[in-house]
Structure formats: C-alpha cells, structure tokens
Protein chains: 4
Amino acid sequence: MHRQGEILAAAFEVFAAHGYEAARIDDVARQAGIAKGTVYLYFRDKQRLFQAVVRNLIPKRFDVLVKSLPGRPAEVVTALLSQMYLNVVRNERVRSIVRLLVAESGRFPHLAEIYHQEIVVPGMRAMRQALARGMEDGEFRESDALQFPQIVVAPALLALVWQLLFADSHPLDLETYMKAHMEFVLGSLERVRA
Amino acid sequence: MHRQGEILAAAFEVFAAHGYEAARIDDVARQAGIAKGTVYLYFRDKQRLFQAVVRNLIPKRFDVLVKSLPGRPAEVVTALLSQMYLNVVRNERVRSIVRLLVAESGRFPHLAEIYHQEIVVPGMRAMRQALARGMEDGEFRESDALQFPQIVVAPALLALVWQLLFADSHPLDLETYMKAHMEFVLGSLERVRA
Amino acid sequence: MHRQGEILAAAFEVFAAHGYEAARIDDVARQAGIAKGTVYLYFRDKQRLFQAVVRNLIPKRFDVLVKSLPGRPAEVVTALLSQMYLNVVRNERVRSIVRLLVAESGRFPHLAEIYHQEIVVPGMRAMRQALARGMEDGEFRESDALQFPQIVVAPALLALVWQLLFADSHPLDLETYMKAHMEFVLGSLERVRA
Amino acid sequence: MHRQGEILAAAFEVFAAHGYEAARIDDVARQAGIAKGTVYLYFRDKQRLFQAVVRNLIPKRFDVLVKSLPGRPAEVVTALLSQMYLNVVRNERVRSIVRLLVAESGRFPHLAEIYHQEIVVPGMRAMRQALARGMEDGEFRESDALQFPQIVVAPALLALVWQLLFADSHPLDLETYMKAHMEFVLGSLERVRA
DNA sequence: CATGAATGAGTGTTCATTCAT
DNA sequence: GATGAATGAACACTCATTCAT
C-alpha cells in the first residue's frame with residue numbers, strides 16, 4: 001500500500017498543523033497529490049484516518065531502543081535521557097504527536113491509551129530497571145524515584161512542551177538544558193557527592 | 001459587564017470541552033442562557049471570544065502568590081511546589097487551559113506568549129530566587145538549576161499532562177507523587193545528605 | 001409556522017417531481033425562495049422533511065367526506081365513486097402522493113401504513129356500509145363485494161395509475177370511463193336488471 | 001452475450017430494491033460478481049442500463065399468452081383474469097416492474113409507453129375480444145366494458161398495488177379476493193342471473 | 001440591549017464514470 | 001475483454017455571522 005503510506009504522511013502534516021477538527025480532507029488530498037475521493041478509498045472516514053495517522057506514528061520496536069543499555073547505572077540513566085532528547089524532544093514529529101494527543105485525547109481516548117502501553121510503559125520500565133540496578137549496586141541511594149520514574153524524565157517532557165508553546169519567542173538552549181537536567185538527576189540519585 | 005463575564009465563563013467550558021474548532025457558539029450561548037446573537041454583542045467573532053476567554057483565565061495577581069514566601073530555602077521550594085500542585089495540577093480549570101494552549105498555540109501564538117509573561121516568568125523568578133537564596137545561605141549546593149528552574153518544577157507539569165492523557169485509565173496518586181517529587185528535588189539541591 | 005408551510009409546499013413539488021432520492025434540498029429551498037440552511041431550521045434532515053411532506057398531505061377529516069351520504073344505496077355507491085374521481089383520480093396532488101407512496105414505501109414503510117389507516121380504512125368502511133345497506137334493503141344481491149369493497153373501487157385506482165403512466169401518450173376519457181365504471185359496478189350489484 | 005444477461009439480472013434486483021436513483025452501480029457489479037468497470041463495457045451509463053433492464057423484462061411473446069383461449073366467453077374471461085393473478089399479481093418481479101414504472105415514469109416516459117404497447121394493448125385486446133364474443137353470443141349483456149376492458153381487470157391491479165404498499169401490514173388473501181373479483185365481474189357481464 | 005430566524009460558504013462523504021494496466 | 005484504482009462533481013448538512021424586530 002504505497003498510496004496508503006502517502007496519504008498517512010500527508011494527513012499527519014495536516015493534522016499536526018491544524019488539529020483534528022480544523023484539518024481538511026481536501027488539504028490532505030492536495031498534500032498527497034491525489035483527489036479527495038481517493039482518500040476515502042483507503043480510509044472510511046476522517047476519524048479512522050486520524051486514528052491511523054496517530055497509530056502509524058508509534059515506533060514499531062520502541063522497547064528495543066530503551067532496553068538493556070550497557071554501562072554503569074549512571075551512564076544508563078544518562079543514555080536514556082540522551083535518547084529521549086534526541087528522539088523525543090528534538091524530533092518535531094514527536095512534538096506534533098504529543099500536541100495531537102493532548103489536544104484530542106478527549107475525542108480519542110484510546111489513542112492516549114495506546115501510547116501509554118507502547119511508549120510510556122516501556123520507557124518507564126527501562127528507567128525503573130536502571131534505577132533499581134543503581135540501588136542494588138549501591139551507586140544510587142534509595143528513593144521513591146523507583147516508584148515514579150516519571151520524575152526523572154519530567155524535565156525532558158517540560159522541554160518538549162516548552163518547545164511547543166514558546167519555541168518561537170523563547171527557545172530553549174536544549175544542549176545546556178539537557179546537561180543541567182542530567183546533572184540535577186544524578187545529583188539526586190547518586191549516593192556520594194563532593 | 002456582568003453579561004460579558006457570564007459569556008466568558010460559558011465559553012471557557014465549551015472551549016475546554018471541545019477545543020477551539022469543535023466549539024459551537026450555539027453551545028456557548030445555551031450554556032450562558034442567552035441567545036446566540038447576544039454573544040456577538042460582546043465579542044466581534046469566535047477568535048476574539050476565544051482569546052478573551054484564555055486571557056481572562058490568567059490570575060490577576062499570580063506573582064503575589066509565589067513571591068516572598070517566608071522560611072528556609074528548602075521550605076520555600078517545598079511551598080512553591082505545594083502551591084503548584086494545589087493550584088495547577090489539581091485544578092481542572094488549569095489543566096484545561098494547558099490543554100487549550102498546547103492545542104491552539106499554533107493558531108494563537110500570542111496566547112502562549114501572554115502565559116509566558118504572566119505565569120511562567122514570575123513562577124520561574126520566584127523559584128530562582130528561592131534557589132539563589134539557598135545557595136547563598138550554603139544550604140543548597142551550586143548547580144545549574146539556577147539557570148533552569150523549570151527542571152525543579154518539571155515533575156509537576158508531567159503530572160498535569162499525565163492527568164490530561166491518562167486520568168481515566170491510569171490515574172496518578174498525586175499525594176505520593178508530590179512527596180516523591182519534593183524528596184527528589186531536595187535530594188539534588190541540598191548540600192548535606194546522610 | 002408560515003415558513004414551515006411554505007417549505008412543505010415547495011418540498012412536495014420537488015419530491016413529487018423527482019422522487020425522494022433525486023430530490024435536492026437546494027431545489028426545495030430555491031422553490032421556497034429561501035436559503036438552503038433555512039430548510040434545516042424547520043426539518044432535521046431530508047428524511048423527516050419527506051415524511052412531514054407526505055403526512056401533511058393527508059386530508060384532516062377525510063372520513064367525514066365519505067360518511068353518511070344520503071340516498072338510496074345505489075346512489076350512495078355512485079356518489080362515493082364520484083367523489084373518488086373528483087378528489088383522487090382528477091387531483092394531481094393525490095396522484096403524486098400515490099406515486100410517492102408506491103415509489104418510496106420500501107424506504108418509508110410506515111407512510112403507507114398511515115395512509116392505510118387514514119384513507120384506505122375509512123374509505124373501505126364507507127363503501128362497505130353502502131353495500132351492506134343495499135343488501136339489507138334488497139336492492140343489491142348478496143355478494144363477496146362486501147368482503148372486498150376494494151373491488152368496487154378498483155377501476156378508479158386503475159384510472160389513477162393509468163394517468164400516472166400514460167397521461168401524455170394515451171389519456172383516459174375520465175368522464176366516459178367513470179360512467180362505464182359505475183354502470184359496470186351497479187350492473188353487478190343490483191338485483192334486478194332489464 | 002451471456003455476461004450482458006447477468007448484468008441485466010443483477011441490475012434488475014438492485015433497481016427493484018432501491019429505485020433508480022438509490023441504486024448503486026457498485027451493487028450491480030457486486031451482485032453480478034464482476035468489477036464495476038465491466039458494467040460500462042456493456043452499458044454506456046446508468047440510464048441506459050436502467051432502460052435495458054426494464055425493456056428486458058417485457059415478455060417476448062406476451063400476446064400469445066392472452067390470445068385465442070378456448071372455451072365459452074365466461075371461461076375465457078375467467079382464464080384471462082386467472083393468468084393475470086398468476087403472472088402479474090403473484091409475481092414479485094412483475095410487482096417490482098410496476099413499482100419501477102410508477103416511480104420512474106416521470107424520468108423515463110418512453111418506458112411506460114413501451115409497456116403500454118407491449119403489455120397493456122395486447123392484454124386489453126384479448127379481454128375486449130372475449131367480451132365482444134360474449135356479447136355476440138348473447139351470453140354477455142351489452143355494456144361499455146367493451147370500451148374500457150381495463151374496468152374488468154382493475155381489481156387485479158388494485159391487488160398488485162395493495163401488495164406493494166401493504167403486503168407486510170395488511171396482506172390480501174389473494175385466493176379469496178380473486179374469486180370475489182371473478183364473481184363480481186361475471187355478475188356484471190352475464191345476462192341471466194338468479 | 002437582546003433576540004433568533006435567516007443566510008450561504010464550507011465540509012465530509014458518495015458515487016457515476018474513466019482509463020491505465 | 002476485464003479490472004479496480006482514481007477522479008471530481010455533487011449533495012446533505014453545519015455553523016459562524018448578520019440583522020430586522
């Protein structure tokens with residue numbers, strides 16, 4: 001289905017640019033270089049097109065990316081966060097997905113659910129494993145971060161949302177921000193500090 | 001303008017429930033208990049109504065809330081975060097505003113800008129002051145958190161977004177989460193640790 | 001609801017001319033001299049408009065027309081048939097209704113049902129009464145026509161259908177036809193014949 | 001053209017079920033087990049397909065059926081009516097044709113004309129001959145039924161229309177109805193009666 | 001000020017028809 | 001001949017906006 005892929009790509013751009021309601025099937029078709037009716041050969045209606053678009057953006061083997069990184073726990077945590085900045089915060093597509101999910105999760109509740117299962121849960125599992133290993137090894141002190149690995153990752157999400165809202169007027173120096181984030185996180189996790 | 005306030009209140013509910021595009025002026029009028037035409041006596045068009053709604057939701061004296069809290073720096077930081085959970089994360093109205101801002105910041109870029117000025121900047125200033133005082137006092141170690149006070153607050157934003165996306169299927173235990181957040185933050189900031 | 005009546009009148013013309021599917025709401029609006037959207041202020045959708053049109057065409061007090069005609073049974077029968085030719089066969093509106101009912105009874109089964117109750121049943125009751133009286137009086141011989149008064153009326157329906165199908169190419173001389181119909185019916189009913 | 005016949009058969013079912021406008025070429029193709037484009041190899045467009053369908057349903061040698069039935073005039077009349085109930089009223093295909101003709105004769109006036117020539121005229125001729133023979137023989141009294149043989153047949157048409165409109169809610173006992181019809185007709189035609 | 005009937009441009013969706021394979 | 005993907009005109013229906021009352 002080459003056509004289907006083209007339509008999904010075009011639809012993603014239009015939905016990302018305008019949101020679900022304001023997106024025009026006409027624009028999707030034009031963007032894909034096809035006639036409006038053709039869209040309906042591949043997707044029954046606008047809702048299914050939207051859902052297909054969002055589902056299609058889920059990385060197929062996301063868990064692989066975050067699993068079994070080698071190195072000392074601190075390095076693993078750093079590497080996970082690095083990956084997150086590289087693949088999530090800096091990735092405009094991903095930012096658009098987050099925007100769409102936030103905007104439309106009221107209308108399409110199960111889409112958020114899918115992302116929870118496919119992205120959030122594996123991501124949290126990986127981070128939790130790294131933290132647990134650090135504590136077992138004695139490198140990290142005991143803390144509730146194990147229960148809420150989200151807390152460790154939160155600054156990356158904030159950066160993402162910041163870019164969504166303020167990229168134009170108040171862009172974030174992501175490089176420096178990321179380093180500060182890592183330093184802050186390790187500062188809280190690591191047992192010994194100068 | 002009592003009437004105007006009623007319209008704004010009604011419009012907020014409708015916009016919050018459906019987003020800008022899907023919101024119906026008809027619903028706003030019905031919600032306000034007036035005729036549809038009356039809305040147009042107070043607002044030139046839907047765009048201005050929306051902007052007025054969002055602007056209207058900015059707390060008038062927000063900076064007061066976050067300024068000059070008494071106590072030791074650690075207590076100030078904790079108090080600031082507490083306030084954030086109380087007034088932001090747990091407040092459904094605020095969650096809706098964030099959702100609207102994320103969803104519509106593409107269409108209304110200056111709205112995000114307003115919130116940056118009125119909310120984000122004062123909030124960051126307060127947090128930065130508390131951190132700076134802690135470092136001056138020697139209670140907090142030196143860190144880049146001063147440059148990016150967002151990092152300290154980030155877990156609260158994550159909690160807010162989490163509630164937006166997963167409140168139904170995977171609600172967060174906010175009380176415990178907040179405590180973990182504070183412990184994590186102080187763990188990173190404070191100089192001495194057992 | 002003056003407007004509603006105008007729309008119903010316009011809609012009847014359009015539906016009668018083209019049938020349900022081929023009728024265009026645009027044409028209804030144009031025929032009524034209003035904007036398309038206005039139609040939807042009075043009727044939720046095309047289906048309800050159609051049903052309202054058809055229901056609206058049912059004579060309010062049809063049963064009155066056919067009840068208690070004075071005179072000898074043969075005269076009553078003749079009068080009933082006369083009325084049928086005047087009000088049904090010769091009436092273009094009624095012909096259109098019959099066409100619509102035949103055409104769309106598959107799509108709107110309850111419309112036929114309504115006409116059965118409101119028109120067919122009262123009409124048959126009147127004719128049956130006249131026949132019964134004739135038999136009681138000894139003017140009419142006993143026959144199964146009592147069980148099926150439709151048979152007595154059938155030639156009028158045939159004339160109606162004939163006009164629908166062949167009015168242009170092979171119009172019926174209704175005056176003569178009606179007389180032949182009456183003579184034929186009385187010829188079968190009346191006991192004594194020269 | 002075996003293929004053409006299959007398409008015509010499929011198209012008849014679809015047109016009969018939904019009427020001209022609501023019929024979908026897609027459904028015709030699916031019903032015929034072929035691709036949609038194939039329909040257009042055999043018929044230039046939907047209109048011609050419809051016309052071909054309706055024309056195709058005219059019995060090739062209908063006049064043969066109704067001509068030169070042996071027996072006494074009363075028997076011939078009865079036989080003609082019997083045939084009509086058997087082949088017309090009870091035949092669902094024929095009922096569908098009548099419905100289509102009534103519904104679409106506005107759009108396709110010449111189709112009614114064809115049926116007039118091929119079916120109505122021969123049918124009326126046969127009935128008229130039977131009546132004329134009965135009068136010549138002295139079995140039937142003189143009447144205008146000769147001029148309007150439709151009158152004799154009308155109850156059968158009424159039964160057909162009745163089935164179209166009320167088959168589900170108020171079905172007709174066709175057997176009894178037909179006998180009443182015949183009795184009524186002969187009662188009017190025959191010279192001598194008890 | 002307030003109303004709500006009226007408007008008509010705009011949108012999602014359908015479907016007869018075409019045509020490259 | 002046969003296919004079925006592609007087209008795009010057309011239609012039902014919506015809704016922001018206007019305005020006479």
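Just so you know, these numbers come straight off a predicted model, no measurement behind them. Reminder, nothing fancy here: chain letters follow the sequence lines and each chain counts from 1.
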Should [X] and [Y] count as side-chain neighbours, where that means a heavy-atom distance under 4.5 Å?
{"X": "B:L8", "Y": "B:F43", "answer": "yes"}
{"X": "B:V54", "Y": "B:F15", "answer": "no"}
{"X": "C:I114", "Y": "C:R55", "answer": "yes"}

Using whole Å, what does the distance between atom [atom2] of nucleotide [N] and atom [atom1] of [X] come to?
{"X": "B:H2", "N": "E:dC1", "atom1": "NE2", "atom2": "C1'", "result": "16 Å"}
{"X": "D:F50", "N": "E:dA16", "atom1": "CZ", "atom2": "P", "result": "14 Å"}
{"X": "B:I34", "N": "E:dG4", "atom1": "CD1", "atom2": "P", "result": "11 Å"}
{"X": "D:R30", "N": "E:dC15", "atom1": "CZ", "atom2": "C1'", "result": "12 Å"}

Problem set entry | Any donor-acceptor pair under 3.5 Å from A:T38 side chain to A:I34 backbone | no

For this session: Check whether any side-chain N or O of C:K46 sits under 3.5 Å from a backbone N or O of C:A23 as a donor-acceptor pair, and report yes or no.
Result: yes

For this session: Report yes if at least one side-chain N or O of C:R3 is closer than 4.0 Å to OP1 or OP2 of E:dA5; otherwise report no.
Result: no

Exercise. Within 45 degrees of the axis of the six-membered ring of D:Y20 and under 6.0 Å from its centre: does D:R107 put its NZ or CZ there?
Worked result: no

Exercise. Do you see a donor-acceptor pair shorter than 3.5 Å between the side chains of A:H110 and A:Q51?
Worked result: yes

For this session: Taking all non-hydrogen atoms of both residues into account, name the closest pair between C:D27 and C:R30 and its distance.
Result: OD1-NH1, 3.0 Å

For this session: Could you encode protein contacts along nucleotides 8-17 of chain F as a string, one character per nucleotide from 5' to 3', using B for base contact, S for sugar-phosphate-only contact and - for no contact, with a heavy-atom cut-off of under 4.0 Å?
Result: B-BSBBBSBB

Problem set entry | Contiguous pairing runs of three or more, Watson-Crick or G-U under 3.5 Å, that involve DNA chain F | E:2-21 with F:2-21

